[in-house]
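Chain letters run A, B, ... following the sequence lines, proteins first and then strands; every chain starts at 1.
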Amino acid sequence: MMYSIVRAVGIIALVLISTVIFISQKTLLNFPYNQIHVIFIILTFLLFFAPLSASMWYSVIVAFILELYALTPFGVLTFALVASAIIGHMVFQRFLTNFSFISLATTLLIILVSNRVILLFLSVLVSGTFADVSLFFELVHVSWEFVMSTGVLFLVYFLVRHFYRLARPEYVRR
Amino acid sequence: MTVFVFVIFFVMLVVLHYIGAIGWVERTGLRIINPLIHVVYKQNVKIRTLTETFSSTQELVARLEELQSRVNQLEHLEATSAVLLVENEELKKQLNFFRQHENYRWVTCNVVGETIEERTSGVILDCGTRDAIAVGQAVVAGEGVLVGKVVEANEVSSVVRLLNDSKSRVAVSVLNKDRSIGIAEGGFGISVQVTHIPQSEELSEGNTVITSGLEEYMPRGLVVGSLETITRESYQPFQRGVIRVPLDYQKLIIVSVVTVDAL
């Protein structure tokens with residue numbers, strides 16, 4: 001019971017922090033630093049280190065809040081984020097299976113690409129035309145998002161690993 | 001199983017949104033998130049304003065030059081404003097004085113320079129005989145403070161001898177109990193003294209000195225200053241006092257010349 005409450009509070013805190021950062025960073029940082037995708041970085045970590053339900057709750061609540069600030073029809077962002085979280089989870093469970101940084105980065109890439117593809121697909125479906133779609137622009141955009149987010153992911157991953165190792169007892173470290 | 005549950009949850013969420021059943025949840029979410037975003041956004045805008053970025057050195061240099069030019073313009077504007085402010089204050093004082101003395105007629109003139117001779121104290125005005133200026137007329141500044149007399153007047157300009165000039169002589173009256181009559185004389189451009197007051201009359205520090213109105217073109221009641229120190233020599237028939245003038249004669253920018261109708 002206590003564990004569930006702590007987990008719920010943790011997820012809500014993560015949701016609040018990541019949505020505020022995500023919405024605000026576009027005005028604060030210049031290109032390419034504003035391409036760091038905080039939500040996908042957190043989602044990737046959750047997929048690795050938390051149960052699937054935590055990732056799903058996080059995705060649904062974050063996407064639900066983002067829907068309130070988006071111009072796209074309600075449901076598109078939520079569907080895209082939840083679907084990409086499920087795809088990321090499946091890839092991690094079935095193909096990657098280890099906790100290395102390469103696995104983390106690959107999962108992030110899969111989440112980013114799948115999210116972008118689903119969003120594109122849904123926007124074409126909603127608008128009924130390809131006129132607004134530029135594949136080259138999308139490719140460049142995803143590439144920058146991946147490069148910048150991977151950089152942050154790398155930093156956080158090694159910081160977490162370093163401090164996690166330090167926190168363990170001496171006999172475990174040996 | 002988890003995936004299936006969340007897919008159902010997602011579908012329900014969308015349906016409930018479109019039928020308006022979760023409007024209160026959305027409003028609550030916005031009420032929580034909006035203040036947070038607003039705080040961050042305000043800080044972002046502040047930081048953006050402080051940290052303007054440049055794409056090249058040339059752009060930075062150009063911006064620097066532009067700003068330097070703007071600073072120069074603003075400095076000039078600031079100096080102009082300061083002068084205008086002083087002029088405005090001075091004009092207000094003079095206008096106030098003449099409003100209280102409706103029998104006076106006056107001409108307001110700009111001080112355009114000082115007289116060039118050494119050991120003299122005078123200023124040049126940009127108004128002359130075409131503005132009804134005549135030799136001997138009183139020149140005032142501030143709220144009716146006499147600063148000198150017109151000693152030369154041509155059509156477009158005139159010369160004023162200030163009270164502290166060595167050759168300046170003005171008939172004055174001291175506001176003591178005897179209402180003493182004397183002469184205000186200049187002292188080498190640095191002081192004004194009142195002289196020719198008999199020893200029998202009592203002068204004290206702080207007595208106001210005004211014009212007596214006993215000479216041509218000079219109305220009675222213009223303030224000259226107040227007595228600062230008084231000197232009595234037993235072997236001399238008259239006593240004298242140094243007058244503290246209420247204005248700095250070297251900072252005159254606008255003065256008014258009281259014309260003949262004032263008499």
Side-chain angles (χ1 to χ4, degrees), chain A residues 12-13 15-34 38 46-47 50-70 72-90 93-94 118 122 126, chain B residues 1-68 70-71:
Chain A
I12 289 167
V15 165
L16 285 177
I17 293 167
S18 54
T19 44
V20 170
I21 292 174
F22 182 75
I23 294 169
S24 308
Q25 78 179 111
K26 302 290 172 193
T27 56
L28 177 63
L29 300 172
N30 292 315
F31 183 85
Y33 305 105
N34 58 9
V38 183
L46 284 175
L47 284 173
L52 178 64
S53 59
S55 315
M56 298 306 284
W57 276 118
Y58 174 79
S59 311
V60 168
I61 301 171
V62 161
F64 177 72
I65 293 171
L66 292 180
E67 297 274 14
L68 304 176
Y69 294 91
T72 49
F74 190 89
V76 171
L77 291 180
T78 313
F79 180 80
L81 193 59
V82 171
S84 47
I86 293 167
I87 293 168
H89 172 73
M90 284 166 61
Q93 289 290 318
R94 303 205 177 167
I118 294 165
L122 289 177
V126 169
Chain B
M1 184 62 187
T2 312
V3 172
F4 180 71
V5 168
F6 273 93
V7 169
I8 298 295
F9 181 76
F10 165 73
V11 174
M12 277 177 63
L13 198 68
V14 174
V15 172
L16 288 173
H17 168 80
Y18 282 108
I19 64 171
I22 53 167
W24 64 275
V25 179
E26 291 167 6
R27 285 192 293 277
T28 309
L30 286 171
R31 281 199 192 104
I32 295 168
I33 301 286
N34 276 351
L36 295 172
I37 292 170
H38 183 60
V39 168
V40 179
Y41 181 74
K42 272 203 300 191
Q43 294 307 315
N44 287 354
V45 171
K46 208 181 276 181
I47 292 166
R48 276 197 155 190
T49 313
L50 291 173
T51 57
E52 197 176 346
T53 52
F54 300 95
S55 58
S56 66
T57 315
Q58 286 84 353
E59 192 190 339
L60 177 66
V61 170
R63 183 81 175 127
L64 183 69
E65 284 170 359
E66 185 194 324
L67 286 174
Q68 191 59 54
R70 183 87 182 123
V71 166

Q) Checking heavy atoms, do the side chain of A:Pro51, its backbone, both or neither come under 4.5 Å from chain B? A) neither
Q. In Å and rounded to the nearest 0.5 Å, what is the CG to OG distance from A:Leu47 to A:Ser59?
A. 7.0 Å
(Q) My understanding is that only residues two or more places apart in sequence, or in another chain, count here; which of them pass ring-ring contact (aromatic ring centres under 6.0 Å, His included) with A:Tyr58? (A) none
Q. Tell me, side chain or backbone of A:Phe64 under 4.5 Å from chain B's heavy atoms, or both, or neither?
A. side chain
Q: Supply the atom-to-atom distance A:Ile61 CD1 to B:Leu13 CG, rounded to the nearest 0.5 angstrom.
A: 10.0 Å
Q) Within a radius of less than 6.0 Å around CZ of A:Phe74, do more than 12 heavy atoms belonging to other residues, nucleotides or ligands occur? A) yes
Q. Where is the tightest heavy-atom contact between A:Ala85 and A:Met56, given as atom of each residue plus distance?
A. CB-SD, 4.5 Å
Q.
With a 4.5 angstrom heavy-atom cut-off, is it the side chain or the backbone of A:Thr19 that approaches chain B, or both, or neither?
A. side chain
**Q.** Gap between atom CZ of B:Phe9 and atom CH2 of A:Trp57 - 0.5 Å precision
**A.** 4.5 Å
Q: Answer yes or no: does atom OH of B:Tyr18 have more than 12 heavy-atom neighbours from other residues, nucleotides or ligands under 6.0 Å?
A: yes
Q) Looking only at heavy atoms, which two atoms of A:Leu77 and A:Glu67 are closest? And how far apart? A) N-OE2, 3.2 Å
**Q.** Residues from residues 21-29 of chain B approaching chain A under 4.5 Å (heavy atoms)
**A.** B:Ile22, B:Val25, B:Glu26
Q) Using non-hydrogen atoms only, which part of B:Ile32 is less than 4.5 Å away from chain A: side chain, backbone, both, or neither? A) side chain
